[in-house]
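The structure displayed is predicted, hence computed values, not measured ones.
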There are 2 protein chains.
Amino acid sequence: MKRVFVRRMIGYAAALAALLLLLQWMQYRLLLLDHATEIYITGIALLFTALGIWLAKKLTKARTVVVTETVVVEKEVPVYTSSATFTPDREAIGRLGLSSRELEVLGAIASGATNQEIADLLFLSLNTVKTHTARLFEKLDVRRRTQAVEKGKRLGIIP
Amino acid sequence: MKRVFVRRMIGYAAALAALLLLLQWMQYRLLLLDHATEIYITGIALLFTALGIWLAKKLTKARTVVVTETVVVEKEVPVYTSSATFTPDREAIGRLGLSSRELEVLGAIASGATNQEIADLLFLSLNTVKTHTARLFEKLDVRRRTQAVEKGKRLGIIP
DNA sequence: ACACGCTTCATACTTTCGGATGATTTACAA
DNA sequence: TTGTAAATCATCCGAAAGTATGAAGCGTGT
């Protein structure tokens, strides 16, 4: 792979060198004549336009890649324990030292409630809910409610 | 078709004419100086190389053909999708009209990322992430990211 | 009685989210 | 050609969330 690329680069460099030599020669030849500058310039222009086209084609062609992806998906169908029979992992809860109020708040957060809604639901003040969430986040070692939900589900604390 | 092509050609011709005028001017200006020829030539070369590349790109782009391939996949009993072999519910996604970007953002939200983190992750601006989330919430008919995660999981859109 | 943890609530401040709206570009379809 | 959808980015503003800190009441166990 690498070797091919290096060789191609060398080829390009050689072609460019040849081109420059040709130019040098043209310059030397044509400057001897009077009023030949326009022809010279035109030659240059055409030459380099061609070079540009050639370059572009090479570059775009080299970049044309066809990718065929085959994805095989195998699935098992395990016996499914529905969410109705969810039992929280008491071990994890004890290990983290989560209080019952904090668990309630975590559940409400997971359901998508705002702090104010949680306050109304549990008959608390907004500030109290905030302290609960703050302690909850500290114990779960997270910084946002979305992370708390993710971690809670992962640890089996909430369904 | 033909008409478009002709007009494009006219545009190219105009551009070329402008280019030639520019050259004429450069020639007039620079030939007043000594030893400016080399610089002039180099300019010409670069200019026309660029022109060539541009031309080639335009010409090849106009010829770009899009091939659409339809792949039919048969799925086996997707009753229960464990987190390891999760496959999103395409039916639900299609029904809600969720775009790929919106799905990416939803996944990132579910992992607990802030909008800024999502922006960094997907190489977007914060504002773009916000518009994606806004549209996502609208389509999911929710008002907060926690609700979006909850609904996304419930509908089988995210694991 | 007293320490300890849980719960409750408050103030003040910063950060993150979310809503509304508009601009621009690109791709694709009618 | 025109229209539409997706994706990108922007500003402004208000709401929600989160941080820091202090404080008070209430059971429980020693």
Side-chain angles (χ1 to χ4, degrees), chain A residues 93-152, chain B residues 1-8 11 57-58 61-70 93-151:
Chain A
I93 294 173
R95 177 162 40 80
L96 294 172
L98 299 180
S99 74
S100 60
R101 226 33 171 170
E102 286 157 4
L103 283 176
E104 286 182 278
V105 171
L106 177 57
I109 287 177
S111 77
T114 67
N115 285 340
Q116 185 58 62
E117 288 167 353
I118 296 172
D120 295 342
L121 182 72
L122 302 180
F123 302 104
L124 299 174
S125 87
L126 177 59
N127 291 307
T128 306
V129 177
K130 282 189 176 184
T131 52
H132 284 319
T133 58
R135 272 197 239 283
L136 182 63
F137 293 168
E138 195 184 349
K139 289 177 180 175
L140 284 177
D141 191 28
V142 297
R143 311 188 70 74
R144 279 173 293 283
R145 49 181 51 223
T146 44
Q147 290 180 337
V149 171
E150 196 274 329
K151 196 153 191 177
Chain B
M1 267 290 194
K2 275 180 185 173
R3 198 163 289 170
V4 172
F5 203 69
V6 168
R7 203 174 308 169
R8 187 172 295 166
K57 283 209 168 187
K58 280 292 171 187
K61 247 191 188 172
R63 205 153 304 184
T64 301
V65 179
V66 178
V67 178
T68 306
E69 199 176 331
T70 306
I93 293 173
R95 176 163 39 81
L96 294 173
L98 300 180
S99 74
S100 60
R101 230 24 175 174
E102 286 157 2
L103 284 176
E104 287 182 279
V105 171
L106 177 57
I109 287 177
S111 77
T114 67
N115 286 340
Q116 184 58 62
E117 287 167 352
I118 297 172
D120 296 341
L121 181 71
L122 300 181
F123 301 104
L124 299 175
S125 86
L126 176 58
N127 291 308
T128 306
V129 176
K130 280 189 178 186
T131 53
H132 284 318
T133 58
R135 270 198 252 281
L136 182 63
F137 293 167
E138 195 184 349
K139 290 176 181 177
L140 284 177
D141 190 30
V142 296
R143 309 188 72 75
R144 280 173 292 284
R145 48 182 50 220
T146 44
Q147 289 180 337
V149 171
E150 195 277 328
K151 196 153 190 177

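Put simply, CD on Glu138(A) is 14 Å from C1' on dG5(C), counting in whole angstrom units.
Note that the CG atom of Leu124(A) and the NE2 atom of His132(A) stand 5.5 Å from one another [nearest 0.5 Å]. Taking CZ of Arg145(B) as the reference point, atom CZ of Phe137(B) lies at 5.5 Å (rounded to 0.5 Å). With rounding to the nearest 0.5 angstrom, the CG atom of Leu121(A) is 10.5 Å from the OG1 atom of Thr114(A). Distance check, rounded to the nearest 0.5 Å: CG of Asp120(A) to CG of Asn115(A) gives 11.0 Å. Note that the OG atom of Ser99(A) and the CZ atom of Arg135(A) stand 8.5 Å from one another [nearest 0.5 Å]. Interatomic distance, CD of Glu138(A) versus CD of Glu102(A), reported as 9.5 Å (0.5 Å rounding).
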I'd like a table of atom pairs between the protein and nucleotides 24-30 of chain D - only N or O on both sides, under 3.5 Å - with the distance next to each one.
none

Tabulate protein N/O versus nucleotide N/O from nucleotides 6-9 of chain C, keeping only pairs under 3.5 Å, one per line.
residue, atom, partner, partner atom, Å
dT7(C), OP1, Ser100(A), OG, 3.0
dT7(C), OP1, Arg101(A), N, 3.3
dT7(C), OP2, Ser99(A), OG, 2.4
dT8(C), OP1, Arg101(A), NE, 3.2
dT8(C), OP1, Arg101(A), NH2, 2.8
dT8(C), OP2, Arg101(A), NE, 3.0
dT8(C), OP2, His132(A), NE2, 2.9
dC9(C), OP2, Ser125(A), N, 2.9
dC9(C), OP2, Thr128(A), OG1, 3.1
dC9(C), O5', Thr128(A), OG1, 3.4

Under 3.5 Å, N/O pairs linking protein and nucleotides 15-17 of chain D:
residue, atom, partner, partner atom, Å
dA17(D), OP2, Asn115(A), N, 2.8

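Legend: residues meeting side chain to side chain contact (heavy atoms under 4.5 Å, CB included) with Glu150(B), ordered by chain and number and at least two apart, are Arg154(B). With sequence neighbours excluded, the residues satisfying side chain to side chain donor-acceptor pair (under 3.5 Å) with Arg101(B) are Glu104(B).
With axes fitted over five pairs at each extremity, the angle between the ends of the helix from dA1(C)-dT30(D) to dA30(C)-dT1(D) is 40° (10° resolution).
Taking every heavy atom of both residues into account, Ala113(A) and Ile118(A) meet most closely at CB-CG1, 3.8 Å. The heavy-atom pair separating Val149(A) from Ala110(A) by the smallest distance is CG2-CA, 3.5 Å.
Using a distance-only test at 3.5 Å, with no hydrogens or angles considered, no donor-acceptor pair links the side chain of Lys151(A) to the main chain of Val142(A).
More than 12 heavy atoms of other residues, nucleotides or ligands shown are found within 6.0 angstrom of CD on Glu117(A).
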